[in-house]
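Each remark here refers to the structure printed beneath this line.
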Amino acid sequence: MCGIVGAVAQRNITPILLQGLKRLEYRGYDSCGVALHVDGALTRSRSTSRVADLESQVEKAGLSGFTGIAHTRWATHGAPASHNAHPHFSRERIALVHNGIIENHDELRAELSAAGYVFESQTDTEVIAHLVDSMYTGDLFETVQQAVKRLHGAYAIAVFCRDEPHRVVGARQGSPLIVGVGKGENFLASDAMALAGTTDQIIYLEEGDVVDLQLQRYWIVDGSGRPAEREVRTVHAHTGAAELGPYRHYMQKEIFEQPRAIADTLEGVTAVMPELFGDKAYNIFKKIDSVLILACGTSFYAGVTAKYWIEAIAKIPVNVEIASEYRYRESVPNPNALVVTISQSGETADTLAALKHARSQDMLNTLTICNVATSAMVRECKLAYITHAGVEVGVASTKAFTTQLTALFLLALSLAQVRGRLSEEEEAAHLKAMRHLPAAVTAVLALEPQIIAWAEEFSRKENALFLGRGMHYPIALEGALKLKEISYIHAEAYPAGELKHGPLALVTQEMPVVTVAPNDALIEKLKSNMQEVRARGGQLYVFADADSRISSSEGVHVIRLPEHYGMLSPILHVVPLQMLAYHTALARGTDVDKPRNLAKSVTVE
Ligand code: M6R
């Protein structure tokens, strides 16, 4: 999703801005641009292609400057076209980039048009540029503080002015923005990774902050205009520029990295204990009477799987809510609930807003399962478990999911332990199974050649159904999400027992029905559901545990996983579904790592 980089320095900052944009590419974007202060004027270059194309344009034009801003845009208001790409200018005096959505942009546009401003784009961002210009007092910092008071919605902005050549001003509300502190130079960016190699001295701006960057100083005020002290942290950000090695795509690489990612997530875990989640975890786990999980997309499905685990192992009631629904719903707050947010990026706008909503209702026992230690989610929760999946570049989440599941299983065990529901023998058995997970996942990865053969057939389909039961129902949901987001095949997942209540009407010979078939307590029930599909001519593609006694027959295609892996089985069963989606997308020739319309980090509502 949109990415921002800004700089004020005493050297040519063009390479820093472009390098920053490259490091933000993983978030997903459809246009990009850069603006610089050159010889007393604003100059810009924009592209609807990749950052590499923007770089060539900038090189050709010989653009260089000491003050500037740059942006990758993921279209919300207005198509991905050059005139909608940021930076936006106002009267050749103000240059501005923006991440977020301004909800009152129509009203402001009407007001500014009436005042004589001519709009070149359909964006909500251009409205802010003109607003800043219309309120400009000769002091950009002061002006931006006043201008943001007129904005409703979410924003992170970086702005500079033709008349103040050594100054960049930033502001944030609802979208992330960080300051990079240098020596005689200062920077702004959407995340620390954008500035890796330039500075590791990072300030995470808080909601409502406005920052004034000059060469020798930076100055921050909070939402009420009061000077704000913000901690400068040393952040060793990963560049994300991981080599692909033998893989064709990051998604494939990340699928194959799962054994290592799970092992890293479990590193140092020698016993089950609440302290794995933070110093205050014991006291919090002791007093809570329920769990509320908030997340989006794949992270939400990790949460649904965790519900099965926590209720079965710790006997604590769990609600799992889609963050974008929960944040606007009139729910019944329970201050004794443990609020768990799950997020790969830790910056997902809906999940952050849901967390804020929960806290505003006195639900203060907060824990996050997150892959980015420096993210807003981690900073805003009392407790955290950092998954060590490593940077995930592919838009389709894979290793983040299995490491989230790993952390959530540990959470279920820890909650059970605090309640006296985990014997030492059980703890030892679960830990042994967890330690063996990397090897077990490696065995599943070896199924790739068989999955490639299936993918060839799937690539010619336009619809697919996924079935699962119990804790494998969310795995079916995740399999369907993976297939739709990267292959663009319409896929739906159902709990297998629900089939006869409606979706069975869709089953014909043309409908592939992917079935997640672990050898658990529900296997006989599942086999009956499979019969219902076969009786209607549906083609079954079954991922069955070796001991589940399901064999291939007419219309029943089977790929065998190793023997049933008990409660951790969902972590194994999702892996072939990831590979099926990946190879189907590959066969269909889609842009696997950057599927259309999607962004890696969804920082707008
Ligand atoms: O960073 P998050 O885990 O909060 O992201 C949540 C979703 O946007 C994300 O899981 C999305 O559904 C993925 N594209 C799924 O592959």
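In listed order, ligands and their atoms are each counted from 1. Since the model is a prediction, treat every value here as computed from it, not as a measurement.
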For T351, is at least one N or O under 3.5 Å away from an N or O on ligand 1?
no
Which of the atoms of ligand 1 are close to E485, meaning less than 4.0 Å from one of its heavy atoms?
13 (C), 14 (N), 15 (C), 16 (O)
Which atoms from ligand 1 have a heavy atom of V395 less than 4.0 Å away?
13 (C), 14 (N), 16 (O)
Between Y29 and H71 (judged by ring centroids, cut-off 6.0 Å), do the two rings come close enough to count as a pair?
no
Once you measure the plane-to-plane angle for H98 and H86, does it fall in the parallel (<30°), tilted (30-60°) or perpendicular (>60°) bin?
parallel
R596 NZ/CZ over Y488 ring centroid, <6.0 Å and within 45° of normal
yes
Under 3.5 Å: N/O of T298 near N/O of ligand 1:
yes
Could you find the nearest protein heavy atom to atom 8 (O) of ligand 1 and give me its residue, atom name and distance?
V602 CG2, 3.9 Å
Look only at interatomic distance and state if Q404 has a nitrogen or oxygen under 3.5 Å from any nitrogen or oxygen of ligand 1.
no
Of the protein's non-hydrogen atoms, which lies at the shortest distance from atom 1 (O) of ligand 1, and what is that distance?
S345 OG, 2.7 Å
Which protein non-hydrogen atom lies closest to atom 6 (C) of ligand 1, naming both residue and atom, and how far is it?
C296 O, 3.4 Å
Do the charged groups of K600 and E485 touch, with an N to O distance under 4.0 Å?
no
Need the ligand 1 atom indices (1-based, order shown) with element for anything under 4.0 Å from a heavy-atom of S299.
2 (P), 3 (O), 10 (O)
For E25 and T72, what are the C-alpha separation, side-chain angles and deciding distance, and is it a side-chain hydrogen bond (donor to acceptor under 3.5 Å, both in side chains)?
CA-CA 7 Å; E25 275 189 305; T72 47; over 6 Å; no
Distance only, no hydrogens: is a donor on one side chain within 3.5 Å (strictly under) of an acceptor on the other, for N371 and T387?
yes
Should you measure from each heavy atom of A396, which atoms of ligand 1 turn up under 4.0 Å away?
16 (O)
For atom 2 (P) of ligand 1, which of T348, L481, I342 has the closest heavy atom?
T348
Where on K482 is there a heavy atom closer than 4.0 Å to ligand 1, on the side chain, on the backbone, on both, or on neither?
side chain
Under 4.0 Å from any heavy atom of S397, which atoms of ligand 1 are there?
15 (C), 16 (O)
salt_bridge(K399, E392) N-O dist < 4.0 Å
no
Is it true that E380 and K356 have a side-chain N and a carboxylate O under 4.0 angstrom from each other?
no
So, H573 versus F543, ring centres under 6.0 angstrom or not?
no
